[in-house]
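Atoms within each ligand, like the ligands themselves, are counted from 1 in listed order.
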Amino acid sequence: MPFESSSPSSSHQTTYPITFLVVGGGIAGLACALALRRVGHRVTVLERMERSAARGGNGVRVPPNLSKILFHWGLRDVLMSKASITTKLVFMRYESGELLGEHVWDAELLEETQGLFLMLSHSELYDVLYDTATKLGAEVHFNAEVVKVDVPGHSVVLSSGERLSGDVLIGADSEHGQCRTAVLGRRDLGTPTGLAVYDTLIPMAFVSEFDTKVSEESWQFAAFGRGKGVVAYRIRRSEEIALQLYAADVADGGCYEDGPSIDLPCITRDHEISEKLGRAVHGARRATRIPVRQYADLEDWVSDDGRLVLIGEAAHPFPPSTIQGTAMAVEDGAVLAKLFSHLSSEDQIDSFLYAFQEIRQSRVRDVREAELAGIFTITADGPEAAARDASMRAKAAKRINVLEGEGSTESAWEEYGVVFGYNCEDEADEWWVQWGRLRQRALEVHESEPSL
Ligand SMILES: Cc1cc2nc3c(=O)[nH]c(=O)nc-3n(C[C@H](O)[C@H](O)[C@H](O)COP(=O)(O)OP(=O)(O)OC[C@H]3O[C@@H](n4cnc5c(N)ncnc54)[C@H](O)[C@@H]3O)c2cc1C
């Protein structure tokens with residue numbers, strides 16, 4: 001049996017439970033709360049919105065490196081009852097509908113990742129994390145807006161005036177939140193790329209207009225245009241297609257919380273899009289527009305002033321609707337909890353926070369760069385786009401997978417394999433075995449030595 005069963009695997013439990021106060025009850029905050037409860041810590045999550053507003057209706061991709069964590073946490077059955085599984089990518093031209101080729105996931109490689117590539121709605125994933133975290137004893141407060149973060153005081157103030165404190169503050173309030181500003185010392189709006197994602201859903205009835213070849217259940221679909229790119233996949237047991245269009249931005253600001261604001265055909269323009277794709281786009285619900293911005297890597301994810309650590313978008317804003325944005329948010333919580341499962345005394349807390357930063361920074365940097373590059377690839381124009389398409393056509397003509405490498409070149413799928421195969425919880429365990437345990441022994445020896 002290659003995959004974890006639905007019973008959660010037993011996890012190492014802390015012998016020194018502490019209280020974590022999590023600012024932000026999005027995917028990162030809830031996943032972190034769930035993971036910390038699994039190892040025996042007390043957790044309170046503060047979310048400024050109502051529960052119904054904090055969950056999004058559009059699609060989320062759950063790649064194998066994420067699904068393996070959720071399976072490990074005992075969530076396999078509940079996820080499989082909601083998710084579509086993808087095993088194939090199909091590529092086409094946006095303007096003509098020409099099929100460029102396809103890539104079928106290599107079953108052996110996929111099995112080695114110990115996960116599956118699942119597709120869900122944001123609200124489905126949100127509910128699974130919320131239900132599990134609260135069942136395990138996490139307290140989640142909605143309509144609880146944090147208006148002040150007092151890092152040295154290990155506390156926050158809510159808009160109601162109430163002050164709450166914890167042993168460690170976790171900033172999971174996204175790139176726009178107060179916690180990132182507190183760690184960085186200033187607001188960081190990032191740099192516009194000129195692109196936005198237009199994120200929407202299409203009822204399945206309109207998708208019969210796609211080529212039958214690309215409307216098979218297990219596909220993820222990408223269409224390359226000049227300065228525009230589409231990604232689409234099935235969600236809600238194939239009742240709907242989640243579709244994300246990357247194209248030139250048309251306004252300022254914008255985030256998921258703003259909700260749908262734009263009709264997709266205003267962006268796709270009928271004379272620029274293939275007839276079949278255009279008909280599907282006309283069936284789309286109004287799209288939510290989120291700008292694609294680039295952010296410099298933060299040097300510190302842990303505040304100099306005290307115990308505030310950033311996770312998820314607050315630590316590393318991803319371009320919207322990527323494969324790995326959600327996965328990195330959940331990996332953060334999984335790693336933090338693994339480290340804090342070894343907490344046996346107060347004096348370990350700071351070193352665990354810095355270990356978290358050390359483990360996560362390089363992983364997230366590499367993955368984020370690749371995701372941004374992916375967006376530029378699907379929206380490319382000119383010689384770069386022509387070379388990409390010619391390579392795919394040539395491989396498709398030879399009936400080989402279009403992401404396969406040729407000769408000595410590494411295949412894009414092999415690169416995916418490395419990212420998907422990563423086991424973040426193993427990385428945290430390895431840090432403990434190599435560094436944490438030794439440091440703890442040294443401290444114990446030091447304390448047991450008679451003082452002169
Ligand atoms: C309402 C909503 C809908 C979304 N829908 C989708 C989707 O359909 N598809 C997709 O791919 N991605 C969606 N996302 C984005 C996705 O959740 C993130 O990109 C990523 O997966 C992980 O995010 P995060 O938890 O770090 O940040 P976010 O998801 O942005 O969550 C941050 C949370 O912190 C809360 N918060 C901020 N400031 C405060 C404060 N002062 N006090 C208390 N709470 C605060 C916010 O209300 C929010 O719930 C959505 C995000 C939101 C907020």
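Ligand 1 has a nitrogen or oxygen under 3.5 angstrom from a nitrogen or oxygen of Ala28. Annotation: Glu145 places no N or O atom under 3.5 Å from an N or O atom of ligand 1; distance criterion only. Considering both main-chain and side-chain atoms, Glu257 never comes within under 3.5 Å of ligand 1 through any nitrogen or oxygen pair. Annotation: Gly59 places an N or O atom under 3.5 Å from an N or O atom of ligand 1; distance criterion only. Note: an N/O pair closer than 3.5 Å links Glu47 and ligand 1 by distance alone.
Of all the heavy atoms of Cys255, none lies under 4.0 Å from any atom of ligand 1, so neither backbone nor side chain is involved.
For the pairing with Ser321, the side chain to side chain donor-acceptor pair (under 3.5 Å) check across Tyr256, Tyr246, Tyr198 returns one residue only, Tyr256.
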Indicate every side-chain donor-acceptor pair of residues 157-165 with a distance under 3.5 Å to a residue at least two apart or in another chain.
| residue | atom | partner | partner atom | Å |
| --- | --- | --- | --- | --- |
| Ser160 | OG | Glu162 | N | 3.4 |
| Arg163 | NH1 | Asp150 | OD2 | 3.1 |
| Arg163 | NH1 | Ser155 | OG | 2.7 |

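Asp270 and His282 form a side-chain donor-acceptor contact under 3.5 Å, judged by distance and modelled atom types alone.
Looking at residues two or more places apart in sequence or on another chain, you find no side chain to side chain donor-acceptor pair (under 3.5 Å) involving Gln178.
Listed by number with element, the atoms of ligand 1 under 4.0 angstrom from any heavy atom of Thr326 are 21 (O).
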Stepwise side-chain contact (heavy atoms from CB on, under 4.5 Å) check, Glu139 with Val45: CA-CA 6 Å; Glu139 280 186 38; Val45 180; over 6 Å; no

